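Because the structure is predicted, anything quoted here is derived from the model rather than measured.
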Amino acid sequence: DTGVSQDPRHKITKRGQNVTFRCDPISEHNRLYWYRQTLGQGPEFLTYFQNEAQLEKSRLLSDRFSAERPKGSFSTLEIQRTEQGDSAMYLCASSLGDPPYEQYFGPGTRLTVT
Amino acid sequence: GEDVEQSLFLSVREGDSSVINCTYTDSSSTYLYWYKQEPGAGLQLLTYIFSNMDMKQDQRLTVLLNKKDKHLSLRIADTQTGDSAIYFCAEINQAGTALIFGKGTTLSVSS
């Protein structure tokens, strides 16, 4: 297994457009997480899945954001009606569900909203 | 609430030791982690420590935990230019799900 992968690596979109990102976790990991990182900040938690169930959502995840993990494998994060404030690096991570809960991150998708 | 604080910059010479410090607020955190991020890349998990431990050593890395003061440090021995990166301290929330990160410490290593 080569680790967590994300696609695309970069996305430039115009304000008001919808975008969708994909994450493929490490195959034996049942937990999958989405984080957002802006310049000069650490990653901030958005949401997490245990298998296909979305069990936790941050208050940062506005109504314009939706995440899915339909078969408990890959996940998608969609942002509708993008705003300039959505410009950030979107990071995906995966882990086993047992301590020490080591989360392994993908390379991220850098979103630029113009 | 949960919060993690780190100093923003550290500059060292190649071959010296680097010590990156972090303070956290959630005393119920069971695990604390150190991640490394190189420019334009994702985060690489370096090491973690269980909250009942005082110290953990892993090759050139030594993690020290002072639970009373809620202080965590990462020591890198024999620092190399390839160690130049941003280092993030993180604690895990009580549910064992979300990581709470500091703003990161930029380590600059000069030869």
Side-chain angles (χ1 to χ4, degrees), chain A residues 2-7 9-10 21 23-26 29-51 53-61 88-112, chain B residues 1-9 20 22-26 28-53 56 58 63 65 72 74 85-107:
Chain A
T2 56
V4 179
S5 61
Q6 293 187 245
D7 184 68
R9 295 291 307 277
H10 303 274
F21 310 140
C23 171
D24 287 88
I26 294 170
H29 286 178
N30 55 356
R31 289 188 175 186
L32 186 147
Y33 312 81
W34 286 99
Y35 291 81
R36 181 176 71 184
Q37 185 180 24
T38 53
L39 202 61
Q41 303 294 317
E44 294 173 293
F45 172 78
L46 293 178
T47 189
Y48 113 90
F49 292 83
Q50 173 99 12
N51 300 312
Q54 188 174 17
L55 296 184
E56 193 171 338
K57 288 197 269 189
S58 159
R59 55 185 164 76
L60 292 176
L61 208 69
M89 175 82 90
Y90 290 84
L91 294 162
C92 175
S94 70
S95 78
L96 295 171
D98 304 311
Y101 310 112
E102 295 160 281
Q103 293 188 21
Y104 294 90
F105 282 78
T109 294
R110 180 163 296 285
L111 173 66
T112 302
Chain B
E2 301 155 332
D3 197 15
V4 177
E5 300 281 342
Q6 298 180 241
S7 52
L8 294 182
F9 298 101
I20 302 170
C22 168
T23 57
Y24 60 98
T25 55
D26 187 358
S28 65
S29 286
T30 52
Y31 292 91
L32 297 131
Y33 309 83
W34 284 102
Y35 283 85
K36 175 184 180 183
Q37 187 175 37
E38 297 184 66
L43 278 75
Q44 176 192 352
L45 177 63
L46 292 176
T47 188
Y48 68 88
I49 188 166
F50 183 47
S51 58
N52 281 355
M53 297 171 66
K56 180 179 181 181
D58 185 357
V63 179
L65 175 61
L72 183 73
L74 175 69
I86 303 176
Y87 289 80
F88 291 96
C89 167
E91 61 178 347
I92 197 153
N93 67 358
Q94 291 186 32
T97 54
L99 290 172
I100 299 107
F101 287 88
K103 291 188 178 181
T105 299
T106 299
L107 175 64

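Note: B:Ile92 CD1 to A:Ser95 OG = 7.5 Å, rounded to the nearest 0.5 Å. With values rounded to the nearest 0.5 angstrom, B:Asn93 atom CG is found 9.0 Å from A:Tyr48 atom OH.
Heavy-atom contacts from other residues, nucleotides or ligands closer than 6.0 Å to NZ of B:Lys103 number 12 or fewer.
Pairing each heavy atom of B:Thr97 with each of A:Tyr33, the nearest pair is O-CE2, 3.3 Å. For A:Glu102 against B:Tyr48, the heavy-atom pair with the smallest separation is OE2-CE2, 3.5 Å. A pairwise comparison of heavy atoms in B:Tyr31 and A:Pro99 identifies OH-CB, 3.3 Å as the closest pair.
Neither the backbone nor the side chain of A:Arg110 comes within less than 4.5 Å of any heavy atom of chain B. Only the side chain of B:Gln37 comes within contact range of chain A, with at least one heavy atom under 4.5 Å from a heavy atom of that chain. Using a 4.5 Å cut-off between heavy atoms, A:Gln41 touches chain B through backbone and side chain atoms alike. The contact between A:Gln37 and chain B is made entirely by side chain atoms (from C-beta outward), counting heavy-atom distances below 4.5 Å. For B:Tyr35, the part lying under 4.5 angstrom from a heavy atom of chain A is the side chain only.
Among B:Gly102, B:Gly104, B:Gly96, B:Ala41, the residue making the largest number of heavy-atom pairs under 4.5 Å with chain A is B:Gly96. For the set A:Pro43, A:Ala93, A:Pro107, the count of heavy-atom pairs under 4.5 angstrom toward chain B peaks at A:Pro43.
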- Message: Pair B:Leu45, A:Tyr104 - check side chain to side chain contact (heavy atoms under 4.5 Å, CB included), show working.
- Response: CA-CA 7 Å; B:Leu45 177 63; A:Tyr104 294 90; 4.0 Å; yes
- Message: Pair A:Gln103, B:Leu43 - check side chain to side chain contact (heavy atoms under 4.5 Å, CB included), show working.
- Response: CA-CA 10 Å; A:Gln103 293 188 21; B:Leu43 278 75; over 6 Å; no
